[in-house]
Novice: 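Quick one: this structure, given as structure tokens, is what I'll be asking you about.
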Amino acid sequence: MSRAPLKLGCIADDFTGATDLANNLVRAGMRVVQTIGVPGEPLAADVDAVVVALKSRTIAPADAIAQSLAALAWLQAQGVRQFYFKYCSTFDSTAEGNIGPVAEALMDALGTDFTIATPAFPDNKRTVFKGYLFAGDGLLNESGMQNHPLTPMTDPNLVRVLQAQTKRRVGLIDYNVVAQGADAVRARIAALRAEGVGLAVVDAISNADLLRMGPALADLPLLTAGSGVAIALPANFGLAPSPQAAALPGAQGLQAVVSGSCSVATNQQVAHFIASGCPARAIDPLQLAGGPEASARVVADALAWAQPLLASGPVLVYSTAEPAAVKAIQDQLGVAEAGALVEHTVAAIARGLVALGVRQLVVAGGETSGACVQALEISQMQIGPQIDPGVPWCHAASPVAPEAGLHLTLKSGNFGSVDFFSKAFGQLSPA
Ligand SMILES: Nc1ncnc2c1ncn2[C@@H]1O[C@H](COP(=O)(O)OP(=O)(O)OP(=O)(O)O)[C@@H](O)[C@H]1O
Ligand SMILES: O=C(O)[C@@H](O)C(=O)CO
């Protein structure tokens with residue numbers, strides 16, 4: 001290997017989550033590449049960290065484990081000093097996992113008996129106290145996440161949630177320990193290890209807490225977390241923030257937003273975009289139920305609608321709906337079927353929009369982003385400047401956007417200010 005070993009090798013369980021992690025690493029001074037899935041060839045770029053983006057959050061645990069181990073094996077082949085399994089700051093899991101099963105499989109593969117688990121991301125109001133996860137000012141299960149279409153979160157106690165997904169014992173490094181600093185965290189890790197605890201949820205209610213615990217994490221082979229902990233890691237490798245880490249090519253082309261997210265923040269962003277007079281077209285999932293022809297018709301109609309409007313500014317195509325409407329659709333189509341149908345259709349629309357000349361694309365929703373990036377045949381993304389906490393602009397090559405590629409941002413469902421969809425375009429520098 002001619003380049004230096006990677007400092008961090010990261011595996012993210014969805015695509016927006018991967019850019020969120022990459023964004024925090026870039027802001028703290030690392031040069032980062034995000035790959036879409038496990039690359040088929042060795043890493044060429046000379047970077048500090050790679051984030052391998054999987055779409056493994058809601059698939060069967062055995063498949064999530066297999067994909068994560070494949071990502072780990074590829075990262076190991078590139079030479080990596082520390083590994084990071086990134087999941088959602090709202091700890092999104094199904095009843096079977098996949099946070100616990102994947103974390104354990106990675107621990108087994110790395111031969112380590114201990115890791116941490118903390119989704120804390122204070123910049124986005126995700127805080128953990130006494131093992132309880134807060135989203136905004138309320139507990140996770142009162143935040144809207146209890147209504148998530150694929151991963152409803154009804155228990156805010158992360159020790160309990162994780163214990164139900166793991167064979168290893170789950171413990172807690174609570175706020176009193178974190179507040180005392182890295183030495184106290186190190187001592188607590190040693191004590192938990194001696195008691196046979198394999199995974200410890202760590203409290204953090206501010207960036208200062210994350211930065212304080214950072215040095216105590218330097219020697220752990222594997223970290224499992226949301227993106228928050230990432231702000232403390234570059235310093236462990238002697239790196240400091242630098243503006244060059246986020247430079248992207250100049251932007252050009254038409255602008256569009258596609259949204260398959262039904263999260264609280266996205267619902268507000270869609271409503272705001274429509275209220276501000278921008279063109280928007282809703283997709284009715286029930287129209288997709290008639291097989292591939294039905295979906296193809298919806299795609300063609302949406303593109304025919306968008307084409308004459310694009311020259312005048314950004315358009316929005318969305319399936320975003322409030323919880324009651326989502327539930328009604330799921331009751332008729334099934335949860336997984338509705339999700340897959342909508343994702344496939346929104347992704348086909350995203351591809352069609354890029355074929356029409358869109359080169360600045362906002363995608364809302366993690367699963368939706370996964371489907372869109374795959375439809376656009378994107379294999380790698382360069383991470384650029386942050387639009388809002390957890391959401392950077394990225395740049396990627398795509399066969400659908402030959403020559404200069406396209407700018408895209410993958411917005412997690414609950415991230416971004418209410419005016420995110422219009423604000424994002426104003427933050428790109430023209431070519
Ligand atoms: N109107 C709808 N009815 C039923 N399901 C829908 C509808 N609109 C979208 N969906 C599905 O809901 C899921 C939304 O998940 P997605 O990960 O894209 O958004 P999110 O959960 O808000 O984002 P994140 O994971 O970043 O928080 C997708 O599978 C999508 O296809
Ligand atoms: O951590 C988060 O909240 C996000 O990066 C995410 O994973 C949403 O899908």
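Count residues from 1 along the sequence. Atoms within each ligand, like the ligands themselves, are counted from 1 in listed order. Note that the structure is a prediction, hence the values are computed from the model and not measured.
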Novice: Taking atom NZ of Lys327 as the centre, does the number of heavy atoms from other residues, nucleotides or ligands within less than 6.0 Å exceed 12?
Specialist: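 Not more than 12 within 6.0 Å, no.
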Novice: Ignoring hydrogens and geometry, is there a side-chain-to-backbone donor-acceptor pair from Gln287 to Ala294 under 3.5 Å?
Specialist: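 No.
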Novice: Considering only non-hydrogen protein atoms, determine which one is nearest to atom 7 (O) of ligand 2 and report residue, atom name and distance to 0.1 Å.
Specialist: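 For atom 7 (O) of ligand 2, the nearest protein heavy atom comes out as Arg57 NH2, 2.7 Å.
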Novice: If you count the atoms of ligand 2 from 1 in the order shown, which ones are under 4.0 Å from a heavy atom of Gly17?
Specialist: 5 (O), 6 (C), 7 (O)
Novice: Please list, in number order, the atoms of ligand 2 under 4.0 Å from a heavy atom of Asp14.
Specialist: 7 (O), 9 (O)
Novice: Under a 3.5 Å distance rule, please check whether Ser398 uses its side chain to pair with a backbone N or O of Leu376 as donor and acceptor.
Specialist: yes
Novice: Name the closest protein heavy atom to atom 5 (O) of ligand 2, giving the residue it belongs to and the distance to 0.1 Å.
Specialist: Asp20 OD2, 2.5 Å
Novice: Between Val170 and Gln163, what is the shortest heavy-atom contact and its length?
Specialist: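 In terms of heavy atoms, the two residues are closest at N-OE1, 2.8 Å.
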Novice: Below 4.0 angstrom, N of the basic side chain to O of the carboxylate: do Asp301 and Arg297 qualify?
Specialist: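 No, Asp301 and Arg297 are not salt-bridged.
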Novice: Which heavy atom of the protein is the closest neighbour of atom 4 (C) of ligand 2, given with residue, atom name and distance?
Specialist: Ser412 OG, 3.3 Å
Novice: Heavy-atom contacts under 4.0 Å between Phe415 and ligand 2: side chain, backbone, both, or neither?
Specialist: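 It is the side chain that gets close, since no backbone atom is under 4.0 Å.
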Novice: Could you tell me whether a side-chain N or O of Gln360 sits under 3.5 Å from a main-chain N or O of Pro314, the two making a donor and an acceptor?
Specialist: no
Novice: For ligand 2, which atoms, with element, lie under 4.0 Å from some heavy atom of Thr16?
Specialist: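 Here the atoms of ligand 2 in question are 8 (C), 9 (O).
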Novice: Considering only non-hydrogen protein atoms, determine which one is nearest to atom 1 (O) of ligand 2 and report residue, atom name and distance to 0.1 Å.
Specialist: Ser89 N, 2.7 Å
Novice: Answer with yes or no after comparing the ring centroid distance for Tyr318 and Phe421 against a 6.0 Å cut-off, counting only values under it.
Specialist: no
Novice: Which atoms of ligand 2 sit under 4.0 Å from any heavy atom of Lys86?
Specialist: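 In order of number, 1 (O), 2 (C), 4 (C), 5 (O), 6 (C), 7 (O).
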Novice: Ring centres under 6.0 Å, that's the criterion: do Phe134 and Tyr132 meet it?
Specialist: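 No.
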Novice: Minimum heavy-atom separation for Thr115 and Leu222, please, with both atom names.
Specialist: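 Looking at all heavy atoms of both residues, the shortest contact is OG1-O, 2.6 Å.
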Novice: Anything with a heavy atom under 4.0 Å from ligand 1 counts, so go ahead and list those protein residues by chain and number.
Specialist: Asp14, Thr16, Arg57, His148, Pro149, Leu150, Gly260, Ser261, Cys262, Ser263, Pro285, Ser319, Ala321, Val326, Ile329, Gly339, Val342, Glu343, Gly365, Gly366, Glu367, Thr368, Ser412, Gly413
